[in-house]
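Data first, discussion second: the structure below is written as structure tokens.
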Amino acid sequence: VKTVNVIGAGLAGSEAAWQLAQAGVPVDLYEMRPVQSTPAHQTDKFAELVCSNSLRGNSLTNAVGVLKEEMRRLNSVIIHSADETAVPAGGALAVDREGFSALITEKVKGHPLVTVHNEEITKLPEGITIVATGPLTSEALAEEIASFNGSHGFYFYDAAAPIIDGTTIDREKVYLKSRYDKGEAAYLNCAMNEEEFMAFYEALISAEVAELKTFEKEKFFEGCMPIEVMAKRGIKTMLFGPMKPVGLEDPKTGKRPYAVIQLRQDNAAASMYNMVGFQTHLKWGEQKRVFRLIPGLENAEFLRYGVMHRNSFMNSPELLRPTYQSRNREDLFFAGQMTGVEGYVESAGSGLVAGMNAALLAKGEPLLEFPQETALGAMAYYITHAEGKHFQPMNANFGLFPSLPERIRDKKLRYETLAQRALDALSQMEL
Ligand code: FAD
């Protein structure tokens, strides 16, 4: 069997290396720490958690809980180690951060089929390779990846607007229309009168902003301006920017509102909508409070909050296959946050799929695509089928799953049904 290179021993790379080794495939695992570090890592351990020690929800009424359960059943080193080092955290799976990384390091390093090399990789190696170097990929390798990907590139900053659960938008208050009625009516419009706008503006400029890491400060505002920064430039700035009402007359009255917030459909199933031009760095609780002042969004549930942070990720819809293989080189896989999945568990999950597939390729067997009904499959589908132009990293959420044949109004029951369908689909796979 061929040896597979794995670059990066973070959440995704450690999982990928483990899956390969468990499948009987030898691995050369390259990790640059401690020779060289990233601006966020503090130790030389594998799968270091750079921020929170929580791996988020652990129940099956939560998409990331379903993802964990699928990974548990596929012998994930990340999830099993998290279970073994868990600390009390209510419905979440939080871990003893040091114990968690130490255990993963011991298991992966100690595996007889894994050889660890502590060095920075700067060129994409020949042979079957998984690149899992994360959102803080070293500069030399980031350049190499950007040049391999050509014009589709490798972005460096993630400036994401919030995404809303489509079923929680008040359809009585919003209207479907494209500006100047160009093309088909594609946006849901939330209209405001002057009084509503002023109240919203006041709330926005006084809302609390999340703290920036020092390494994020320098280049932060180059690309995309957060909505709250724009608002602080003057009362009218947003009215000439993302909230401009021209061409968006309300079809019921024929009148042009004072201000409009547009929501753009974010997935083919129309279960998710993003707030156009509303990339933001407000604290999450503040986003909920302030954006619920928008007419039609009073009860909105946020599937993803707006974020702005350093984050190298690729335009996967144009570059990757659902097996996490590059479309341009079949023995090159990418995994982790750099593929546009977002979060510790999601990164590890993509590493698991990439690892399983690289093992199959090394053995000359057919590769696996996870069914879309599973959380692992829904994530792979999202990153390879989202619209390339507006592609943004995404946490696991039920909006990514194909909708159920019947409408279930009760949210808990709906989520439980989706979870059961996911686990059934997984158990029917020939693995
Ligand atoms: P990483 O875990 O970062 O692993 C990449 C590995 O590759 C590292 O060990 C790195 O040293 C190594 N490497 C890089 N370049 C090279 C090279 N050229 N050669 C060899 N090795 C290399 N997600 C959450 O769910 N919760 C959070 O609280 C959270 N906070 C975050 C805070 C920050 C500051 C950042 C940047 C991200 C955060 N994320 C969080 C997002 C994401 O889940 C984590 O970044 C996660 O670690 C991604 O996993 P990964 O395997 O893709 O990358």
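Just follow the structure's listing: the first ligand is 1, and inside any ligand the first atom is 1. Because the structure is a prediction, the values reported are computed rather than measured.
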For the 3.5 Å polar cut-off, considering only N or O atoms, please tell me whether [X] and ligand 1 meet it.
X      : result
Ile121 : yes
Gly343 : yes
Ser54  : no
Ala40  : no
Glu120 : no
Thr38  : no
Met32  : yes
Ala12  : yes
Thr137 : no
Gln337 : yes

What part of [X], side chain, backbone, both or neither, has a heavy atom within less than 4.0 angstrom of ligand 1?
X      : answer
Val50  : side chain
Ser52  : both
Leu141 : side chain
Ala348 : neither

Which is closest to atom 23 (N) of ligand 1 in terms of heavy atoms, Phe334, Tyr344, Phe46? Tyr344
[X] side chain to [Y] main-chain N or O, any donor-acceptor pair under 3.5 Å?
X      : Y      : value
Glu70  : Leu376 : yes
Tyr344 : Ser52  : yes
Glu228 : His281 : yes

Numbered atoms of ligand 1 (with element) below 4.0 Å of [X], judged on heavy atoms:
X      : result
Gly336 : 52 (O)
Ala132 : 5 (C), 6 (C), 7 (O)
Leu11  : 2 (O), 47 (O), 49 (O), 51 (O)

Surrounding NZ of Lys2 (heavy atoms of other residues, nucleotides or ligands, distance under 6.0 Å), is the total greater than 12? no
Using a strict cut-off of less than 4.0 Å between a Lys/Arg side-chain nitrogen and an Asp/Glu carboxylate oxygen, indicate whether [X] and [Y] qualify as a salt bridge.
X      : Y      : answer
Lys173 : Glu298 : yes
Arg289 : Glu286 : yes
Lys123 : Glu144 : yes
Glu318 : Arg327 : no

Among the heavy atoms of Glu346, does any lie under 4.0 Å from an atom of ligand 1? no
Give the intermediate values and the outcome of side-chain hydrogen bond (donor to acceptor under 3.5 Å, both in side chains) for residues Glu15 and Ser76. CA-CA 7 Å; Glu15 184 66 57; Ser76 157; 2.7 Å; yes
Please walk me through it: do Tyr382 and Phe391 pass ring-ring contact (aromatic ring centres under 6.0 Å, His included)? CA-CA 10 Å; Tyr382 169 74; Phe391 182 59; 5.7 Å; yes
When the ring centroid of Tyr415 is compared with that of Phe398, is the distance short of 6.0 Å? yes
Would you say the ring centers of Phe291 and Phe278 fall short of 6.0 Å from each other? yes
